[in-house]
Student: 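Here it is, the structure in full.
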Amino acid sequence: MKQAIKAAEAAELIPDGSTLLIGGFMGIGSPHRLINAIVDRGISNLTVVANDTAMPGRGIGKLVTSGCLTRVVASHIGLNPETQQKMISGEIDVELVPQGTLVERIRAAGVGLGGILTPTGLGTLVEEGKQIVTVSGRDFLLEEPIHGDFALIAAHQADYVGNLEYSLTAHNFNPIMALAGKTVIAEPQTIVPIGVISPDSVKTPGILVDHLLERQPDGS
Amino acid sequence: MKQAIKAAEAAELIPDGSTLLIGGFMGIGSPHRLINAIVDRGISNLTVVANDTAMPGRGIGKLVTSGCLTRVVASHIGLNPETQQKMISGEIDVELVPQGTLVERIRAAGVGLGGILTPTGLGTLVEEGKQIVTVSGRDFLLEEPIHGDFALIAAHQADYVGNLEYSLTAHNFNPIMALAGKTVIAEPQTIVPIGVISPDSVKTPGILVDHLLERQPDGS
Amino acid sequence: MEAKEIIARRVAQEIEPDTLVNLGIGLPSMVANYLPKEVHVFFQAENGVIGLGARPPEGMEDPDLTDAGGGFVTAVPGAASIDSAMSFGLIRGGHLDMTVLGGLQVDERGYLANWMIPGKMVPGMGGAMDLVAGAKHVIVAMVHTARGKPKILRECNLPLTARRRVSLIVTEMAVIEPTEDGLVLKEVGPGASVDDVISATEAKLIVQGDVPKMSLFSES
Amino acid sequence: MEAKEIIARRVAQEIEPDTLVNLGIGLPSMVANYLPKEVHVFFQAENGVIGLGARPPEGMEDPDLTDAGGGFVTAVPGAASIDSAMSFGLIRGGHLDMTVLGGLQVDERGYLANWMIPGKMVPGMGGAMDLVAGAKHVIVAMVHTARGKPKILRECNLPLTARRRVSLIVTEMAVIEPTEDGLVLKEVGPGASVDDVISATEAKLIVQGDVPKMSLFSES
């Protein structure tokens, strides 16, 4: 059973220089309260692994603006001109990874595989400096696993075991990242008593979740 | 939209000599009506990829007894003495694969990866004749993808798009095999109208399913 | 008729019923508007839904349901939510029947460049590399020239998206099929002659007999 | 007290609260019976459930809910159903805190052989290779000798399950910890002396000072 904690308490757990896996796709399905708490605490020198950096003022975009980040691993930064500026100025180091490769590299870390063998990126700039492995006469790029010190997960609903359900396109990277963080912090919209979520509805088993944020305040 | 068909009609689709991925764990979550129809039709020279061969008289065990099989790829045959006898007599060729490696090799086929890099089996008989790939100084076995001509899937509930839900420990290999069969035949216990299953409850998207068996007869 | 409408209308005719189709952001997303009513397909948004529906009425948006551009959408009956690993597993695994993408350049080998202009535009490849490497059919939908300069070249000078021959190029001036022998001119657009197309194209075009006019209205 | 009960009672003391534990078929499964009431753990059955519960009352079995031996079980509140890829992803990915397995042989390197006797018993490795390669702690629970012959050997002569040093060996005669320097005798069982253990063991045992007696009842 897990006591739900406040976003500010969760942010206290994260040291400067950590690598964070952060769920979300253009801010949808991102852990917004955790991100705000990280900005408030002013954690520095962070590496963020995420699909994208959203846009200025939204989701991971706030981490870009705040100067918390020194490195980003993402598939797309095109809708955040600030990330591009900071990349060009050298303030942020950016590694661009094809989206399907990115999620699968994170999964490989989470499920204990030594990397992935993918056709994506063969014959492109992505290939540079990487091992090519031939299987049954076909070439594949060997892409290495991506681990996180923390995985910051947005979920639709949790129980106090930490079991998580996700909603619609807010799944995206969250269920995979929950496998690959040394410490996993989940930010659910609601939390229900243990036993309320059917075993068949659980997409992230609670044993993967280390900390649970208290439910979304209702604003009343 | 898919018209549900009878088990016998589905069995007609399967030629002699096919490779079948069959869901189930000791018969739990196996497509029993399809298996019976294959035995009835007397399809021969089949390769079956499955976690196990259940026991004589149950699930995949019936395929062993009937003589339909010439090859089995499985993680465990210990509870089916008949499989072991036929292996020793040379009637059935058996490839034993660690369970986690087996499911991941099937997944690799389904999601277009060139194989998997796993620590499982290193330094054991499983290693024989396989490539070892070193990533960041650590050794991994390269295990190749396993494709099926057909995947025979047992599901709890379907809709007429072919979307599938699974129940409890009857998930096992089914959701993964549904990715890796050239033709996928699903045997649900019930079928509900389109729109009844929430998008968040779908574990196998209907676009993966080629044929849907009519619902379990109610015996009345 | 505007160039973009011509392209979208022509691409819509390539879509087969009961397939899974991914439409890129921008021009490609317009294709959905011109699909004949009786052709039922499932649209995939790579951020995690199969069965993408139209924009919802104002006030009925779900913040957890968007397309890959971040715009609010609905889900059609029979839709399925999927995480990014499943989404790209479907793409890489060959389960996606067609992707329609924009292009910066295509060359005589049928190779596409559409994700970066070094030193100028480095948004990241997002899902493009997986889509081009994995989809069964890749259709490039783009205007024929950029500021008067050909985009269909002898050899791309921008970084490639994949080392894979795309299936078809559709512009407002032409339908071109990349083959082993080179680029075959299949149709010419409204108001364009074969000579017009050849002079607006740097690549060598193979012209076989009379080239038919592009038809912009489905026959059904 | 029977040998098996001694072993099960002693192993139960190794289990830490709030962990994820996998118990093998047979002797290891008895461990659950001796866990102190106040120690809450989640048991994983590798066929697909986290939060394995006791056998259900007769007539209340669910055919879709069994343990890895195929026996009917229940699910505790907060349980999660998982497919085989997730189940072995948790095992291989280091999310499983402990596995308790039976053994045929263990040797001075701490290597385990428990899956086949060539020419005699070839049941397949099932999940054993993944469990031994992946679990954080591997406990071998077995009787000390087989028909009077030692099972703890200088070097295993049966095929290995993994090239990984197990964490602890618990028999009715001894608790032994494999270390880099060899096998350290940590405790002796009821009625056994250090000399008894040494003479029932082929491997060299490291004896450091007075070896305490095995305590079979938790202190809580």
Side-chain angles (χ1 to χ4, degrees), chain A residues 1-3 21 103-116 145-148 151 155 157-166 171 174-184 186 188 191-212, chain D residues 15-22 38-53 56 62-67 73-99 127 129-136 138 162 164:
Chain A
M1 209 139 78
K2 282 170 192 84
Q3 207 66 45
L21 313 175
V103 70
E104 205 64 37
R105 288 175 68 184
I106 297 167
R107 181 180 182 274
V111 304
L113 297 173
I116 68 160
I146 300 178
H147 295 266
Q157 181 165 279
D159 65 19
Y160 287 95
V161 162
N163 288 314
L164 305 180
E165 293 183 290
Y166 304 93
H171 283 70
N174 287 297
I176 305 304
M177 287 179 165
L179 289 159
K182 247 176 264 158
T183 298
V184 176
I191 312 181
V192 295
I194 293 171
V196 169
I197 301 180
S198 153
D200 290 337
S201 296
V202 174
K203 292 196 177 160
T204 295
I207 53 108
L208 289 171
V209 175
D210 298 289
H211 302 282
L212 202 58
Chain D
I15 296 181
E16 300 281 339
D18 291 318
T19 55
L20 181 65
V21 176
N22 181 295
E38 69 283 4
V39 174
H40 180 266
V41 301
F42 275 110
F43 288 108
Q44 180 204 35
E46 69 260 32
N47 56 322
V49 65
I50 291 173
L52 194 70
D62 183 327
D64 284 346
L65 184 54
T66 71
D67 62 21
V73 291
T74 51
V76 302
S81 317
I82 53 177
D83 65 29
S84 299
M86 174 65 103
S87 190
F88 282 87
L90 294 177
I91 291 167
R92 206 193 305 100
H95 306 286
L96 180 68
D97 295 294
M98 185 183 290
T99 183
M129 287 192 176
D130 298 283
L131 283 161
V132 178
K136 276 191 219 160
V138 177
R164 180 238 170 116

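Reckoned from all heavy atoms, side chains included, excluding hydrogens, waters and symmetry mates. Everything numeric in this text was worked out from a predicted model, so none of it was measured.
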Student: Quick check for you: among A:Asp159, A:Asn163, A:Val196, A:Ile197, which has the greatest number of heavy-atom pairs under 4.5 Å with chain D?
Tutor: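 Of the options given, most contacts go to A:Asn163.
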Student: Can you tell me if A:Asp200 uses its side chain to pair, donor with acceptor, with the backbone of D:Ser81 under 3.5 Å?
Tutor: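 Checked: no pair found.
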Student: D:Gly89, D:Pro77, D:Ala75: which one forms the most heavy-atom pairs within less than 4.5 Å of chain A?
Tutor: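 Top count of heavy-atom pairs under 4.5 Å with chain A: D:Gly89.
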Student: Should A:Pro205 and D:Ile82 count as side-chain neighbours, where that means a heavy-atom distance under 4.5 Å?
Tutor: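 In contact.
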Student: What are the two closest non-hydrogen atoms of A:Arg107 and D:Ala85, and how far apart are they?
Tutor: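 So the two residues come closest at NH2-CB, 4.1 Å.
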Student: With side chains defined as the heavy atoms from C-beta onward, is the minimum distance between D:Leu90 and A:Ile207 less than 4.5 Å?
Tutor: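 Yes, at least one pair of side-chain atoms sits under 4.5 Å.
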Student: Can you tell which of A:Ala108, A:Gly195, A:Ala109, A:Gly110 has the highest number of heavy-atom pairs within less than 4.5 Å of chain D?
Tutor: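 Greatest number of close heavy-atom pairs with chain D: A:Gly110.
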Student: For a quick test of reading the model, state the closest non-hydrogen atom pair linking D:Gly78 to A:Ile194 and the distance between them.
Tutor: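 Minimum heavy-atom separation between D:Gly78 and A:Ile194: N-CG2, 3.6 Å.
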Student: Using non-hydrogen atoms only, which part of A:Val161 is less than 4.5 Å away from chain D: side chain, backbone, both, or neither?
Tutor: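 Just its side chain gets close to chain D.
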Student: Can you name the nearest heavy-atom pair linking D:Met86 to A:Lys203, along with the distance?
Tutor: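 Heavy-atom minimum between the residues: CE-O, 3.7 Å.
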